[in-house]
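Data block below; observations after.
Because the structure is a prediction, the values reported are computed rather than measured. Lettering of chains follows the sequences in order, A, B, ..., and the numbering in each one begins at 1.
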Protein chains: 6
Amino acid sequence: MPAPEPPTLTHVDATGAARMVDVSAKDVSAREALATGVLRTTPEVADLLRQSALPKGDALATARIAGIMAAKRTPDLVPLCHPIAISGVTVELDVGPAEVRIAARVRTTDRTGVEMEALTAVAVAGLTLHDMVKAVDPAAVLDAVRVERKEGGKTGSWTRPGDR
Amino acid sequence: MPAPEPPTLTHVDATGAARMVDVSAKDVSAREALATGVLRTTPEVADLLRQSALPKGDALATARIAGIMAAKRTPDLVPLCHPIAISGVTVELDVGPAEVRIAARVRTTDRTGVEMEALTAVAVAGLTLHDMVKAVDPAAVLDAVRVERKEGGKTGSWTRPGDR
Amino acid sequence: MPAPEPPTLTHVDATGAARMVDVSAKDVSAREALATGVLRTTPEVADLLRQSALPKGDALATARIAGIMAAKRTPDLVPLCHPIAISGVTVELDVGPAEVRIAARVRTTDRTGVEMEALTAVAVAGLTLHDMVKAVDPAAVLDAVRVERKEGGKTGSWTRPGDR
Amino acid sequence: MPAPEPPTLTHVDATGAARMVDVSAKDVSAREALATGVLRTTPEVADLLRQSALPKGDALATARIAGIMAAKRTPDLVPLCHPIAISGVTVELDVGPAEVRIAARVRTTDRTGVEMEALTAVAVAGLTLHDMVKAVDPAAVLDAVRVERKEGGKTGSWTRPGDR
Amino acid sequence: MPAPEPPTLTHVDATGAARMVDVSAKDVSAREALATGVLRTTPEVADLLRQSALPKGDALATARIAGIMAAKRTPDLVPLCHPIAISGVTVELDVGPAEVRIAARVRTTDRTGVEMEALTAVAVAGLTLHDMVKAVDPAAVLDAVRVERKEGGKTGSWTRPGDR
Amino acid sequence: MPAPEPPTLTHVDATGAARMVDVSAKDVSAREALATGVLRTTPEVADLLRQSALPKGDALATARIAGIMAAKRTPDLVPLCHPIAISGVTVELDVGPAEVRIAARVRTTDRTGVEMEALTAVAVAGLTLHDMVKAVDPAAVLDAVRVERKEGGKTGSWTRPGDR
């Protein structure tokens, strides 16, 4: 759909300078975002991670906690992100035949969305898995880190289109 | 291929408990790692980012700097990573037809490798690009975050095999 | 006393996975917590700390400030804590015959309580005292770090029972 | 002018102990602050910085982004500052004949003002410029870091008097 | 016992001002510290934590990882601590009848000891346990945080005396 | 004076992209830097700060400690700074008739100089003083933040020329 006004990058001003966009005028409202990603590795490593799902098997827990903590660090990492009052985070890890699927849900009641927080949780959980498997599989790949769905705020709900 | 000793996850002990592996006995030596990744977006956004490569066009610079700073924050993000004396970081961004290719090189003179630092730089540069384009393309995807090559240390050089 | 429903750990879900509990539905309200602890050391060290309560005697000030700053860092340290809009912190240090008594009061107007912030302030003030006395008394002990009282929120006031 | 009540340092209590002042009773309201500063250097360095305002010239962008990120880190740096929900930040850099003028505007909707955030953004942008020019001009000076204007809150607007 | 030279606080100068002591002249050497502590809670909570030692039972893992990460944050928390190249950390948690025993071992090859890192790991693991059990037992107490043993450096080995 | 090679900004590459310069090839050596600055305020505020130099008078201690802690945070704040093994920091505050003079000395044994760490300590000590006096003097100014002297490393000693 051709827009009357061409799209622009909101995070730079008319001269191109980076800025943290002013959200003072936005409403405080409940918002949620779901992001996913996948660490592709080998069947052998997937087995090792599944075994770590035994008592005191901390490998998956470490990645889960790293993801939750990273969601809170998002404004420290992504320069133009606003500090956000995160009200809830879950990180789910699902070990498949030769990969680990990662899903992070973040909720807030604030002035901006939390898709960056959800993406950051996924990315850092993925990096942490990479760190734990790299001695066995240095060629692991973090793939498909993306937003699946977000809700709340003025723009309302958005669901990832099937063709992307 | 059956190994004489089955591979194990080095970051958990025999009972499965997470630990930061002791590297005291490793030699201090020059080490380097190269990691890459790609933010897949639309041709329209790729054009906007290229335009931002004009005077005062900070969009790419913001991602580059976020990646460099994130390399230094790796041990704060990835729970079992050692703090490392990073001696150099570069982050290159290459805007293609509908994507941005990201490459990070990290060097150190320390007791462990820097592939996690390079991967973290790539991931956070990618998240930062995502943040800047999300108002125009909420469906952007961070893909193929992986180590290409590492050098130095006891294990010597490693180059990504062609089939992974 | 047998409860109708057995108590569970709120910070793990039904499968045992760690999560940051969603507090979106909780009311914003004024809350306060008081935590205390004690660093047990020697009479000699207690004297040195008392002397440091002279002009430019920074030893106690250092611990007080470390405690205040740590209260703000709580969500960075305690993985499942929510980021909180702390509205006030005091840390009191009282040098006794062979110990320093520590008391931290934290206030907020937010969706969760601040007992973790108060406990963190006490613990880090205690660690900082330990750091300053360790050359003279490496055997100092941080003891009895606990919540004394909290107010506000849905559950209302709680005061430490006499038998704990 | 003799005040009815002598002014006191609000950040220490009656005994002189540092504290984070309780702002629970203050209203949430829109607030803004403008701070400025100047890095004095040589005409030669000013030329180099102007040249860096070419495509991929990241020197000024690096300082701008460092300033924006530092505004978010203010409560980590300044011990008695409250954590604040910053809602917008801009950092402007203006290269003059032998200096760079720095201006930071910070907005919030919270219980305290944001002049410390604006001052921190200016100071860290200035330090970052210093870092980038120090190989060419180790004698650069960061000068005149100060608040120009603040608005909002109970005390209303304040503009820097002409004689300070 | 009258010492030839009275002991002083090393972290303040002759006027009482806080300082980070200069360790430039100290040798780089392998050093290790062991610290312990205990979270006292109820038999009911101890049972819940033991149950969490089941598959995907992240409660203990969360505390273990929080402790390891906190060891790396020690110089950010304890004002006069030196940044240290930590080379290894383990945190052990042992659930007893009505308490959790915490033990942290930290190793380095650097110019100062790591007892503060070990104590910080114990304290933050304990705070994290407190956070997880506080809905069930708000009266839990973190007790007996102390150094058991340290090795390496000029002063050589130190073992906690039996009477402290 | 025409140089054989024109000076360039070392922190950007030939295309202008920001980078953390590789210092792997530099020698580890003892280095020291002294930086100074001044917070200009009113005689009335200078009196209040002097009074705070009484028992439990934490105002100056707070600034001193903030400066020391900030030195350790330099690589988190200044994007292209290397992480450095700081081996000692002092911050001196001298209250004059209507100002506070700030001096920070930082030492290291590493591959780069510590002038940025010393400047950061001065700037953050100055910001902290500003925070504490701003209720009484919102017009205070942080001035003349600069390096006075540095020693060690390949380039040897540098002392600020008299005419800058």
Measuring heavy-atom distances to chain D, does I86(C) have an atom under 4.5 Å in its side chain, in its backbone, in both, or in neither?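 Both backbone and side chain.
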
If you round to the nearest 0.5 Å, how far is [atom2] of [Y] from [atom1] of [X]?
{"X": "T15(D)", "Y": "E92(C)", "atom1": "OG1", "atom2": "CD", "answer": "8.0 Å"}
{"X": "T109(C)", "Y": "D110(D)", "atom1": "OG1", "atom2": "CG", "answer": "10.0 Å"}
{"X": "M20(D)", "Y": "M69(C)", "atom1": "CE", "atom2": "CE", "answer": "9.0 Å"}

Check each atom of [X] against the heavy atoms of chain C and say whether the ones under 4.5 Å are side chain, backbone, both or neither.
{"X": "V28(D)", "value": "neither"}
{"X": "V21(D)", "value": "backbone"}
{"X": "I84(D)", "value": "neither"}

Closest heavy-atom contact between I68(C) and P79(D)?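 Smallest interatomic distance, heavy atoms only, reads CG2-O, 3.8 Å.
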
Which heavy atom in C81(D) sits nearest to a heavy atom in K72(C), and how many Å separate them?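 For C81(D) and K72(C), the tightest heavy-atom pair comes out as O-NZ, 2.7 Å.
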
Under-4.0 Å salt bridge between R73(C) and D76(D):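 A salt bridge is present here (some side-chain N lies under 4.0 Å from a carboxylate O).
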
Heavy atoms of other groups near R160(D) CZ, more than 12 under 6.0 Å: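 Above 12, so yes.
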
Heavy-atom pairs under 4.5 Å with chain D - which of T90(C), I65(C), V89(C) has more of them than the others?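 Option with the top pair count is V89(C).
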
